[in-house]
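Since the model is a prediction, treat every value here as computed from it, not as a measurement. What you see below is based on every heavy atom in this structure, not just the backbone, and it leaves out hydrogens, waters and symmetry mates.
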Amino acid sequence: MIFHTNLTPTSGYDEDAFEKLKRAREGSHYIVVYRDLSMLRNIYSQYTKRQIEEKNEIVLILPHYETIDMVRYVLSHMATIDVKEYEKQDSLLIIDSARAYFGSSIDIILFVKSLVNYADQIGKNGVTVLADMGSFFYYNKLNDLIEYETSLQRTSDIKAKGFCFYKRDDFNWRISRIQRKRLLDHHGRELMVAPTATLR
């Protein structure tokens with residue numbers, strides 16, 4: 001399959017966000033607001049490569065605004081990751097976020113915990129979850145979004161890091177100021193990698 005898209009890495013906010021993500025500790029729960037897909041691709045491709053190849057972790061990616069095949073393409077071309085091999089090894093899992101949150105009988109939180117146990121069994125150092133929350137907006141399940149996010153702790157004692165990605169327009173205009181504040185209050189850190197409206 002051929003994708004006609006610009007996969008040239010950019011700089012600025014992307015590099016700053018990547019550096020901040022690199023400092024995330026085990027048990028972290030971050031919120032990341034991104035401007036557009038180009039910015040998102042730069043961040044998740046670099047970070048996935050680092051976590052799999054340098055940190056020996058399992059990475060779970062839950063995309064919304066692009067297909068699973070597109071994520072594979074981005075990882076292989078922007079980060080030169082051997083996607084097929086890592087998927088075969090279960091070091092890389094890519095599941096559509098709508099399926100993960102709404103299309104399966106499996107609870108995503110329990111699934112991540114099972115991944116942490118599996119990572120420990122096969123000698124991995126933990127799990128990183130990169131989740132685009134756009135599917136909650138697409139299905140107009142904003143109350144479910146707030147309920148889900150506020151059910152998660154700012155930090156936890158399990159060997160996993162969670163990054164909740166929000167497209168800037170969704171975050172700024174599709175939820176209220178009070179909802180934004182609740183989301184921010186339930187994340188250990190916020191990374192605004194694009195200019196945003198008043199957050200609080």
Side-chain angles (χ1 to χ4, degrees), residues 14 17-34 39-52 54-66 68 71 75 86 90-104 106-120 124-137 141-142 144-168 170-171 175 179-193 199:
D14 307 43
F18 178 58
E19 290 302 315
K20 289 176 181 176
L21 292 186
K22 282 167 60 175
R23 293 195 290 271
R25 297 183 178 180
E26 191 175 281
S28 297
H29 179 212
Y30 280 23
I31 188 168
V32 183
V33 179
Y34 65 92
M39 178 175 284
L40 177 64
R41 288 167 179 163
N42 277 309
I43 295 169
Y44 79 69
S45 61
Q46 292 179 74
Y47 195 70
T48 297
K49 182 179 180 72
R50 177 181 186 267
Q51 297 311 109
I52 290 177
E54 296 179 30
K55 298 301 178 180
N56 191 36
E57 290 187 354
I58 292 174
V59 175
L60 169 63
I61 302 177
L62 306 176
H64 171 69
Y65 286 106
E66 55 189 352
I68 291 173
V71 173
L75 291 174
Y86 287 129
D90 291 327
S91 295
L92 174 64
L93 295 89
I94 308 169
I95 303 170
D96 182 82
S97 66
R99 179 180 168 214
Y101 291 116
F102 309 119
S104 172
I106 300 173
D107 180 278
I108 190 66
I109 297 174
L110 294 178
F111 179 66
V112 171
K113 288 180 179 179
S114 71
L115 270 184
V116 171
N117 292 333
Y118 177 66
D120 190 53
K124 297 290 183 179
N125 294 326
V127 174
T128 290
V129 181
L130 306 172
D132 194 314
M133 310 310 289
S135 57
F136 286 90
F137 295 93
K141 292 184 175 288
L142 301 187
D144 291 346
L145 169 66
I146 303 301
E147 182 179 345
Y148 169 75
E149 287 279 48
T150 56
S151 72
L152 303 174
Q153 300 176 12
R154 291 164 60 94
T155 59
S156 68
D157 58 0
I158 66 171
K159 295 170 69 174
K161 293 182 286 293
F163 300 97
C164 301
F165 286 86
Y166 287 80
K167 192 173 183 180
R168 179 182 60 185
D170 288 340
F171 190 80
I175 53 178
Q179 289 173 320
R180 288 197 297 271
K181 185 178 187 307
R182 288 190 68 193
L183 288 175
L184 294 171
D185 287 345
H186 279 80
H187 290 80
R189 187 165 185 176
E190 59 201 57
L191 299 180
M192 303 300 164
V193 295
L199 299 177

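In terms of modelled atom types and a separation under 3.5 Å, the side chain of Arg50 and the main chain of Lys55 share no donor-acceptor contact. Looking at Ser151, its side chain does come within 3.5 Å of a backbone N or O of Tyr148 through a donor-acceptor pair. Put simply, the side chain of Ser97 gets close to the backbone of Pro63: a donor and an acceptor are under 3.5 Å apart.
Taken from OH in Tyr47 to CD in Glu57, the straight-line distance is 6.5 Å, to the nearest 0.5 Å. Here Lys161 contributes atom NZ and Thr128 contributes atom OG1; the two are 4.0 Å apart, rounded to the nearest 0.5 Å. Separating the CD atom in Glu149 from the CG atom in Leu183 is a distance of 5.5 Å, to the nearest 0.5 Å. A distance of 12.5 Å separates CD1 of Ile108 from NZ of Lys113, quoted to the nearest 0.5 Å. The structure places NZ of Lys159 at 10.5 Å from CD1 of Ile58, a figure rounded to the nearest 0.5 Å. Rounded to the nearest 0.5 Å, atoms CZ (Arg23) and NZ (Lys20) are 7.5 Å apart.
Using a 4.5 Å heavy-atom cutoff, the side chains of Leu92 and Leu75 are in contact. Here the side chains of Phe102 and Lys141 are in contact, with some heavy-atom distance below 4.5 Å.
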Where do Phe165 and Tyr44 land on the ring-ring contact (aromatic ring centres under 6.0 Å, His included) test, with the steps shown first? CA-CA 10 Å; Phe165 286 86; Tyr44 79 69; 7.8 Å; no
